[in-house]
There are 2 protein chains.
Amino acid sequence: MSPTRTSDQPPVRTLSDLAKIAGVSAGTVSRALAGNSLVNDATRDRIVALARAHGFRPNQMASSLRRQKTDVIGIVIPLGHDQRQQISDAFFMTLLGHLADALTERGYDLMLRRVLPDRDEDWLDRFIGSGMIDGVIVIGQSDQLERIEEAAANFRPMVVWGDHAQGQQHCVVGTDNRLGGKLAAERLIAGGARHIYFLGDVSAVEFAARFAGATDAAEGHGVAITPLTNHLSADRLEAEVAGNLDRPLGPGDAIFAASDMLAVAALARLRTRGIDVPGTVKVIGFDDLPFAAQTSPPLTTIRQDIRAGAFAMVDRLMRRLDGADAPSIVLPPTLVERGTA
Amino acid sequence: MSPTRTSDQPPVRTLSDLAKIAGVSAGTVSRALAGNSLVNDATRDRIVALARAHGFRPNQMASSLRRQKTDVIGIVIPLGHDQRQQISDAFFMTLLGHLADALTERGYDLMLRRVLPDRDEDWLDRFIGSGMIDGVIVIGQSDQLERIEEAAANFRPMVVWGDHAQGQQHCVVGTDNRLGGKLAAERLIAGGARHIYFLGDVSAVEFAARFAGATDAAEGHGVAITPLTNHLSADRLEAEVAGNLDRPLGPGDAIFAASDMLAVAALARLRTRGIDVPGTVKVIGFDDLPFAAQTSPPLTTIRQDIRAGAFAMVDRLMRRLDGADAPSIVLPPTLVERGTA
DNA sequence: CTGAAAGCGCTAACAC
DNA sequence: GTGTTAGCGCTTTCAG
């Protein structure tokens with residue numbers, strides 16, 4: 001009892017094929033299958049049954065073209081500040097998973113596109129103008145703020161995950177990174193830190209904000225802070241962290257990693273070097289990804305509510321698709337106290 | 001110098017709008033923009049420049065409809081055997097990331113769809129028949145083998161990640177799970193295990209094969225093996241693992257987790273209970289996800305080469321799109337010896 | 001080398 | 001309630 005074509009009859013590929021078989025017009029079949037307007041119950045049932053029997057499914061491209069609506073949301077991940085960062089970055093992937101959940105719930109499909117803005121400066125407008133998507137979600141601002149602002153000026157149904165800056169026009173959902181950075185530094189300082197090493201790539205706006213927040217706190221307490229550039233590409237991450245932490249480290253030194261991935265790599269490196277965490281050096285991460293609770297010691301970190309963020313993005317996007325105005329939203333980060341700081 | 005419309009001239013939305021401005025026909029614009037056939041170099045350059053100046057981009061829906069080709073590959077993740085499993089499952093997400101890399105390289109976009117087969121038995125044919133995609137990649141067979149086989153009979157450009165069984169018709173790329181299970185059990189047995197606890201949901205074919213392989217090895221050595229059902233949904237995982245490991249555990253007992261996620265949760269639970277790993281109880285995982293090297297002790301696990309798998313899937317899909325025949329491929333798992341077994 | 005014309009498969013007025 | 005008609009925006013013969 002398969003829902004597909006039961007035998008090798010003349011294949012039914014179009015609405016009018018079906019219409020012919022059913023002895024009605026294509027318009028009626030269209031209406032019947034849409035369940036939409038006032039079609040005679042009997043004819044509708046007959047048509048629907050026929051469609052099932054022949055495994056017929058209306059062509060979405062034709063439908064989209066005609067309706068000027070695709071029911072697809074584009075998801076784009078610009079890999080600008082770090083070409084080699086994997087799209088498989090754990091944070092983005094987690095966010096994507098929740099976006100998929102939220103959009104599926106609303107009846108939208110997802111069109112995923114990975115772009116290298118350095119090689120294609122038209123990346124965003126090209127996607128928007130393609131006609132393939134009703135709206136777009138940008139995951140991460142990378143170093144593409146200008147281009148995003150420009151696009152937002154001409155295209156409403158766009159929501160961006162990232163940092164909210166003064167005067168920024170595009171609709172952004174994200175964590176208060178500056179506050180998060182402050183919370184992290186304060187936690188380390190309360191634990192006795194006199195020198196904080198910040199692990200992360202400050203050329204990405206979100207990371208820059210985290211560093212700025214940490215700097216605020218450090219300066220307020222007369223604590224030194226040093227940025228150590230670390231990229232996120234899987235292949236270089238470990239070596240870079242090792243290199244950056246290959247310095248005399250003792251009591252009073254602490255590490256603020258801009259992401260949990262980085263923090264975990266730092267933990268591994270410190271263990272290798274025989275430096276006790278949190279006894280000698282304290283470590284704090286950022287994100288609170290699922291594995292953060294499972295490291296040893298379990299990672300103290302700044303939590304971003306990824307699921308709430310994803311749902312907020314979709315909510316705003318839907319409102320913008322309806323022509324309403326949906327403002328940016330900044331989510332509060334929270335300190336998750338575990339075993340490393 | 002933005003590539004978008006420079007001012008508020010009458011907007012250029014269609015090929016013929018641009019044709020009018022350029023003083024040529026729509027056909028010529030189409031050819032010029034496609035860079036395709038023999039268009040006068042001068043006219044082509046003029047048209048391309050005009051298109052840039054007006055921020056014109058051809059509508060992909062119309063193009064797809066006309067060409068009967070979308071340049072989009074559908075990626076579908078059936079969540080059958082575990083409704084609450086997140087799409088954010090770390091393994092699937094990693095695979096997805098690599099698929100995105102491979103497909104982008106070939107000029108394809110990805111259409112992502114998450115489905116609950118239990119609620120929609122037509123999930124696969126519906127996607128295939130939608131006309132939105134040129135081919136489809138199914139990530140994970142879940143408990144949907146029959147439906148996948150059925151669909152494969154009528155639709156060539158489909159590749160599935162999963163387990164390869166005798167007589168299976170659809171093109172599948174995956175790891176030799178049975179061998180992987182065997183390797184895992186043998187490693188534990190060589191370490192002195194007399195009783196292996198298998199953590200995982202045997203109703204998914206891939207996990208069942210891992211269990212079968214482990215059982216082969218255990219029986220061959222006169223070692224006991226007990227399956228402990230654990231789902232993969234993020235919310236239940238921890239509690240279930242805790243419950244399942246809440247039994248007397250001592251020397252001679254060992255744990256084979258069907259995924260690294262499960263293994264890490266087991267590690268955390270054993271630590272909580274004060275059971276030394278690998279001193280008292282040995283633990284081995286499956287997958288070798290990026291974080292596996294970073295746990296403490298670092299996780300011994302069975303490695304699946306996810307990147308190679310993703311590229312193999314895309315390779316086979318491309319061949320099938322070209323009408324060629326691309327057979328299934330079974331990738332060899334490898335034991336990664338680290339600190340837990 | 002370029003223009004004209006015919007659709008791709010569907011939907012939505014507008015008739016009846 | 002249902003049929004008819006006119007496109008959605010693009011590509012591609014077929015002429016010239």
Side-chain angles (χ1 to χ4, degrees), chain A residues 10-48 50-51 54-72 109 126-134, chain B residues 10-48 50-51 54-72 109 126-134:
Chain A
V12 178
R13 302 240 58 82
T14 74
L15 271 186
S16 33
D17 287 349
L18 229 212
K20 223 157 288 166
I21 297 183
V24 296
S25 77
T28 301
V29 176
S30 174
R31 289 182 277 246
L33 260 29
N36 219 332
S37 62
L38 306 321
V39 185
N40 187 333
D41 285 2
T43 30
R44 191 194 41 245
D45 293 350
R46 196 160 52 81
I47 291 171
V48 169
L50 231 35
H54 291 265
F56 171 76
R57 287 167 202 81
N59 183 308
Q60 295 304 315
M61 290 294 143
S63 172
S64 296
L65 180 58
R66 176 62 231 240
R67 292 185 303 128
Q68 297 293 88
K69 182 162 188 340
T70 63
D71 295 322
V72 176
D109 273 306
R126 184 200 303 292
F127 200 22
I128 290 171
S130 70
M132 296 195 296
I133 56 179
D134 292 340
Chain B
V12 178
R13 303 239 58 83
T14 75
L15 226 42
S16 34
D17 287 349
L18 192 59
K20 223 157 286 166
I21 298 182
V24 296
S25 76
T28 301
V29 176
S30 173
R31 288 184 276 249
L33 260 31
N36 219 332
S37 63
L38 307 320
V39 185
N40 186 334
D41 284 3
T43 30
R44 191 193 40 245
D45 293 351
R46 197 161 51 79
I47 290 171
V48 169
L50 232 34
H54 291 267
F56 171 75
R57 288 170 201 81
N59 183 308
Q60 294 304 316
M61 290 295 143
S63 172
S64 296
L65 181 57
R66 178 59 232 241
R67 291 184 304 127
Q68 296 293 87
K69 182 163 188 340
T70 63
D71 296 322
V72 176
D109 274 306
R126 183 200 304 292
F127 201 23
I128 290 171
S130 69
M132 298 196 295
I133 55 179
D134 292 340

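Bear in mind that the values here come from a model prediction, so they are computed numbers and not experimental data. Within every chain, numbering begins at 1; the chains are lettered A, B, ... in the order of the sequence lines, protein sequences first and strands thereafter.
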Grab the [atom1]-[atom2] distance between [X] and [N] for me, whole Å please.
X: B:L38; N: C:dG3; atom1: CG; atom2: P; result: 15 Å
X: A:N40; N: D:dG3; atom1: CG; atom2: C1'; result: 15 Å
X: B:R46; N: C:dC1; atom1: CZ; atom2: P; result: 15 Å
X: B:D71; N: D:dC10; atom1: CG; atom2: P; result: 16 Å

[atom1]-[atom2] distance between [X] and [Y], expressed to the nearest 0.5 angstrom:
X: B:S64; Y: A:L65; atom1: OG; atom2: CG; result: 9.5 Å
X: B:T70; Y: B:M132; atom1: OG1; atom2: CE; result: 9.0 Å
X: B:Q68; Y: B:D134; atom1: CD; atom2: CG; result: 10.0 Å

If the test is side-chain contact (heavy atoms from CB on, under 4.5 Å), which one of A:T28, A:I47, A:V39 qualifies with A:L33?
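So the option named by the test is A:I47.
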Reading 5' to 3' through nucleotides 6-11 of chain C, protein heavy-atom contacts under 4.0 Å coded B for base, S for sugar-phosphate only, - for none:
BBBBBB
Could you tell me which non-hydrogen atom of A:F56 sits nearest to which non-hydrogen atom of A:R13, and how far apart they are?
CE1-O, 3.4 Å
Can you tell me which residue among B:Q60, B:R66, B:R67 is in a side-chain hydrogen bond (donor to acceptor under 3.5 Å, both in side chains) with B:S63?
B:R67
Is A:T43 touching bases, backbone alone, or none of the nucleic acid, heavy atoms closer than 4.0 Å?
sugar-phosphate
